[in-house]
Structures are given as structure tokens and as C-alpha cells.
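In what follows, a single structure is set out as C-alpha cells and then discussed.
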Number of protein chains: 2
Amino acid sequence: MARKHSAADAPLRLDNQICFAVYSAAHAFNRVYKPLLDRLGLTYPQYLVMLVLWERDDVPVKEIGERLFLDSGTLTPLLKRLEAAHLVKRTRSREDERQVLISLTPQGQALKEKARAVPQSILAASNCSVSELVAMKDEIVALRDRLNAVIEE
Amino acid sequence: MARKHSAADAPLRLDNQICFAVYSAAHAFNRVYKPLLDRLGLTYPQYLVMLVLWERDDVPVKEIGERLFLDSGTLTPLLKRLEAAHLVKRTRSREDERQVLISLTPQGQALKEKARAVPQSILAASNCSVSELVAMKDEIVALRDRLNAVIEE
DNA sequence: TCACATTTAATTGTTCGCAATTGAATCTGC
DNA sequence: GCAGATTCAATTGCGAACAATTAAATGTGA
């Protein structure tokens, strides 16, 4: 019987950790996205914010945070960088002065067309069928939501 | 037919992105781990380094980086923090003075016993069977490796 | 109305993560 | 043996990520 380690250590072995699989896959995605997003002048988290805004414009920071699971400590400086790049505008809501609404500039809207090439390249890099990816995505989202549910308690 | 958006936009919709599923799941894991690792005095990436060292001691920085897909820019300061916490020692290899070998202190070894509680808690939080998690882990690792293969070229 | 709680962004400080560069040690071919 | 290439860790600079706090606006109950 080939036994590299004691069985009691199995739960602590790196290659048995699903969290490390997810963690390292996220970094791998980041590295594949990097050259694609460089052409758009975006980082990956900035790209996610743009995806939100391309779906619906004029969104409060709070709502962007809820969709991406990020807080203002991350979003405020990120949005300022997008503003400095002339892709979004930040304006205080007139109805509720606490809210800052994020809206696309014409350049921000135009970038959407250039971005359409990105998902195709990612699909190619994944070397996977669309249906496989969709199935995996649904499983991962379900796991994520269960984890987030535990945190809420 | 309920159609919230144009079909041409589907590839750009946030909820259709497997990368976002992975990205947000990684953050969800991080948040679940946080209170558990706080008790050990570790951050999540520090925990990963300790997992590597608990499997095999006296490992060069390079090899830790290969296992975790991290480079020296990330690892050097992280390892210095682990050293400051008296969990590891950093010593130049005598055979090859370029290498820095990382070894566990007695405290670092002792922490392994406290860490055994962590995977159990994560399993409970995931609300999943072990076999489901293993299957998902294998799929995600396979995807990660395909992505990394694309980067290598 | 008015004290008090809640909501929303912004700010501060710490830790990752990586690209790019540096400097020292080692290897290679000649 | 030695010049040039390679390897390895450290460093620098920038952009996340998040906890904790702050400040302003809004909501609520007596």
C-alpha cells in the first residue's frame, strides 16, 4: 500500500482543499483575462463593474457592491480610477444625497463593443464546451450562495 | 417570451460569467475562513503556505510558489510576516545560496493540531456532501489547469 | 419637533497579487 | 577558466480586498 502521508492528515492536504481549487482557479482566470483586458485599459474588477453598468446604467455604489459582493472600501477608489479614465461619472443622487450614482460616459458605453471579444477568448482558453461551463458555473454559484448564507447568520 | 436584454448581450451578462462565479466563490470562502483562521492568527494565504509546510518541511520559496501559483513578490513579505509570528524560519540553503529554505518552528508545527478543526468547519458551512465537493474540486482543478496551460504557451 | 438610530460613501491601515527590475549565485559553452 | 545566460529571492509600485471608523443624510418614535 503506497501511503505518502497519514490518513489523519488528508483533510489538511493542499490538493484535497476545494477552497484552494477555487482560489487558484480565480487567479488562473485573472491571468488569462489580463492581456485581453489590457487592450481595454481595464483590470478584472473594473471589468466586472463595467459589466454591471453595461446591463443597467445609473446605479448606486451600494447596488454595484451587492451584485459583486464588494464594499465601499474596494469600490470607492476603483470607481475613482474608472472616472479618471473617463469611463464613468459619479454624481450624488438628488432624491437621496447619501447615494452616489455611477453612470457611463460615451466612452464607457462605446467600450462595450470592444468588450464583446473577451468572452469568446475566454471560452476558447477554457477548452470546454459551453454546456459544461454553464453546469460548472451553476454548481459554483450554488456553493457560493450556501457559503454566503452561512456568513449572514 | 420574457426577454430582459438582447440576446447579443448574453455573453457579457454578469450572471453568465463562470469567471465571476469562481471569483465570488473565492471571496465567499475567504469570508467563511476568516473567523476560523483568526483563531490561528493566520490569513488565508498564510494558511495555504502552512498547509504546504505541514506536508513537507524545509521547502524553498520557489517550490512554495509553484504549489500555490504565487511569485516571490507575494511570498517574500508574507513569509517575513510568518517569521515575525515565530511560525517559520528562513535560512539560505548551503548547497545553493540563491535559495531560501522555509522551515517550521516548534510553534509552527504545533499549530497543525489546532488547524485540524478548520476543514471540518468548512465542510459544515458548504452544506455539501464530501463526494459532491470532491467532484466539484476535480472539475475546477481541471479547468484551472487548462487555463494555466494556455498561459504557458 | 427632536433625539436617536440607520443608511450610505468615504477614509485609513493592513495584507494580498503581480509586473518589472535588481543583485547575487549558479550554470553553460567555449 | 571565464564571459554570458539563467535562476532565485528581494524590492518597488500599483491595484485590489476588507475591517474599522467617520461623517453626512435620512428615517423613526415618542
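In this text, all values refer to a predicted model and were calculated from it rather than measured experimentally. Naming convention: chains lettered A, B, ... in sequence-line order (proteins, then strands); numbering from 1 in each chain.
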Problem set entry | Interface with DNA chain D, restricted to residues 23-36 of chain A and to heavy atoms under 4.0 Å | none
Problem set entry | Polar side-chain atom of Gln17(B) near backbone of Pro11(B) as donor-acceptor pair, under 3.5 Å | yes
For this session: Mind jotting down which residue pairs meet the salt bridge (charged side-chain N to carboxylate O under 4.0 Å, His left out) criterion with at least one end in residues 134-146 of chain B? Sequence neighbours excluded, please.
Result: none
Exercise. Which distance, rounded to the nearest 0.5 Å, do you find between the CG of Leu82(A) and the CG of Leu53(A)?
Worked result: 8.0 Å
Problem set entry | For chain A, the stretch of DNA chain D it reaches, first to last nucleotide, under 4.0 Å of its heavy atoms | dG15(D) to dT26(D)
Seminar exercise, completed: Value for CG (Asp15(B)) from CD (Glu55(A)), rounded to nearest 0.5 Å, stands at 6.5 Å
For this session: State whether Lys62(A) and Glu66(A) are salt-bridged, where the test is any N-O pair (Lys NZ or Arg NE/NH1/NH2 against Asp/Glu carboxylate O) under 4.0 Å.
Result: yes
For this session: Among residues two or more places apart or on two chains, list those pairs meeting side-chain hydrogen bond (donor to acceptor under 3.5 Å, both in side chains) that have a residue in residues 112-127 of chain B.
Result: Asp9(A)-Lys112(B), Asp9(A)-Arg116(B), Glu113(B)-Arg116(B)
Exercise. With distance as the sole test, does Arg92(A) use its side chain to make a donor-acceptor pair with the main-chain N or O of Arg98(A) at under 3.5 Å?
Worked result: yes
Validation: residues 70-77 of chain A side-chain donor-acceptor distances under 3.5 Å, sequence neighbours left out:
unit_1	atom_1	unit_2	atom_2	d
Asp71(A)	OD1	Gly73(A)	N	3.2
Asp71(A)	OD1	Thr74(A)	N	3.2
Thr76(A)	OG1	Ser72(A)	O	3.0

Problem set entry | Member of Tyr33(A), Tyr44(A), Tyr23(A) meeting the ring-ring contact (aromatic ring centres under 6.0 Å, His included) criterion with Tyr23(B) | Tyr44(A)
Exercise. How does each nucleotide of nucleotides 1-15 of chain C score, in 5' to 3' order, for protein heavy atoms under 4.0 Å: base (B), sugar-phosphate only (S), or none (-)?
Worked result: ------BSBBB---S
Exercise. To the nearest 0.5 Å, how far apart are CZ in Phe69(B) and CZ in Phe20(A)?
Worked result: 5.5 Å
